[in-house]
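Counting starts at 1 for both ligands and their atoms, in listed order.
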Amino acid sequence: MSSKSEPSKNFHLSTEELIAKGKAAYLPVYSPREMILDHGKGARLWDLEGKEYIDLGSGIAVNALGHQDEDLVQAAIDQTKKLWHTSNIYYTEPVVRLAVELVEATFADRVFFSNSGAEANEAAIKLARKYASLKNASGKREIITFNGSFHGRTLATITATAQPKHQEGFGPLPGGFTYCPYNDFDAFEKLISNQTCAVLIEPIQGESGITPAESGFLKHLQTLCRKYDALLIFDEIQSGMGRTGRFFAYEWEDGVQPDIVTMAKAIGGGLPLGAMLTTEKVGQTFKVGDHGSTFGGNPVVAAVARVALQKIRSPQLMENVTRQGDQLRKRLEELNLDVFKEIRGKGLMIGAELQGKWKNQAHDITEKCRQHGVLILQAGTNVLRFLPSLNITDEELQAGMDRVVETFADLHSEK
Ligand SMILES: Cc1ncc(COP(=O)(O)O)c(C=O)c1O
């Protein structure tokens, strides 16, 4: 059998050549920035050319402890030398211990491990439907989600994601999802009914622009969920694992008790891991064979996640999140160029909405920041998103924000 070309050898390729090859070989669903990242340490990254960047995005909230944290690296090395993979047909110590530690640290009694956020949400959707099916053989299958949400890229999770741009062209979509305006107390009350089996919400919407639930909204959902016997599911994939200064963002509201919480991103300390957490009562719905994953809960990832969990739960780290979050906000507020309409979010999950001549320029601004040596994210076209590592130091944050300020000064003089 002949192949299209010789297999590539490990010869040196320049940045431009690698980018060209990536463009030709990747499915064109991403538009990566024109650099090849090579290595990192703490909140700093370097590309193949040796250019330094301060990372204020953490790989979209994944590298919560920065790059190359020595304890995480050591945990990965130790477990890699022992055992990589077994499947869930067998127990391994790191995975068992991680499940127990998550149960101890949270509201949950039961944990299911996946590889990604979308899969954690799929598991939650399936669990809620099955739970309802045991109470009501034919009805009660509707799931309410919220305009502007983001829950993943699988068919069920793009349907849960109440943003048409993520759904167009992918129909027919699974049925049974209804959308409610975020933070609209009355609309929710009108929408929920005996047909509702679950309500799925991000306590702070991430992808669509860092929008926190208004005070009292989660409690309002909970009251009505209890009334209609619907499960309350929090998607904490972006906002969880200490990102806001509490372990889960929903904990900022008193008296809220979810039935299911989904996690991913930071839970693996930078390696791929997701989790669905639930109570004993709801978790007992699933029986052997109802759900599963070959890779979910890999021993190497779990060994790293255990160390990440331990480090993230320390009061000093949570204090750092609050302090650095305040500092980041202050630096943005000081910009003084009429750039932002609003700066919102909690802890180190901050969105800055653009206005005036800067409106809808998020892509160009983040690119210009990159050229100035600082990586920030966008959320949609009109919000700059900051998700630095939770252990970012004063020096790293100052250096990163100095570069953001320089970028705006440059852009301002160009406009
Ligand atoms: C709130 C939320 N839910 C779900 C997802 C999907 O996670 P993944 O990309 O790991 O499937 C994301 C990813 O950005 C997210 O922010």
>> By the ring-ring contact (aromatic ring centres under 6.0 Å, His included) test, which pairs, at least two apart or in different chains, include something from residues 185-223?
In response: Phe146-Phe217, Phe185-Phe217, Phe185-His220
For each nitrogen or oxygen atom of ligand 1, which protein N/O atoms lie closer than 3.5 Å, and how far apart are they, rounded to 0.1 Å?
| from | atom 1 | to | atom 2 | distance (Å) |
| --- | --- | --- | --- | --- |
| ligand 1 | 3 (N) | Phe150 | O | 3.2 |
| ligand 1 | 3 (N) | Asp235 | OD1 | 3.3 |
| ligand 1 | 3 (N) | Asp235 | OD2 | 2.7 |
| ligand 1 | 10 (O) | Gly117 | N | 2.8 |
| ligand 1 | 11 (O) | Gly117 | N | 3.4 |
| ligand 1 | 11 (O) | Ala118 | N | 2.8 |
| ligand 1 | 14 (O) | Glu207 | OE2 | 3.3 |
| ligand 1 | 14 (O) | Lys265 | NZ | 3.1 |
| ligand 1 | 16 (O) | Gln238 | NE2 | 2.8 |

>> For residues 237-287, which residue pairs pass the ring-ring contact (aromatic ring centres under 6.0 Å, His included) check, not counting sequence neighbours?
In response: Phe234-Tyr250, Phe248-Tyr250, Phe286-His291
> Arg33 and Thr366: side-chain donor and acceptor closer than 3.5 Å?
Replying inline: yes
>> Under 4.0 Å between a side-chain nitrogen and a carboxylate oxygen: does that hold for Arg344 and Glu342?
In response: yes
N/O donor-acceptor pairs under 3.5 Å from side chains in residues 19-27, not counting sequence neighbours:
| from | atom 1 | to | atom 2 | distance (Å) |
| --- | --- | --- | --- | --- |
| Lys23 | NZ | Glu34 | OE2 | 2.8 |

> Below 4.0 angstrom, N of the basic side chain to O of the carboxylate: do Glu70 and Lys41 qualify?
Replying inline: yes
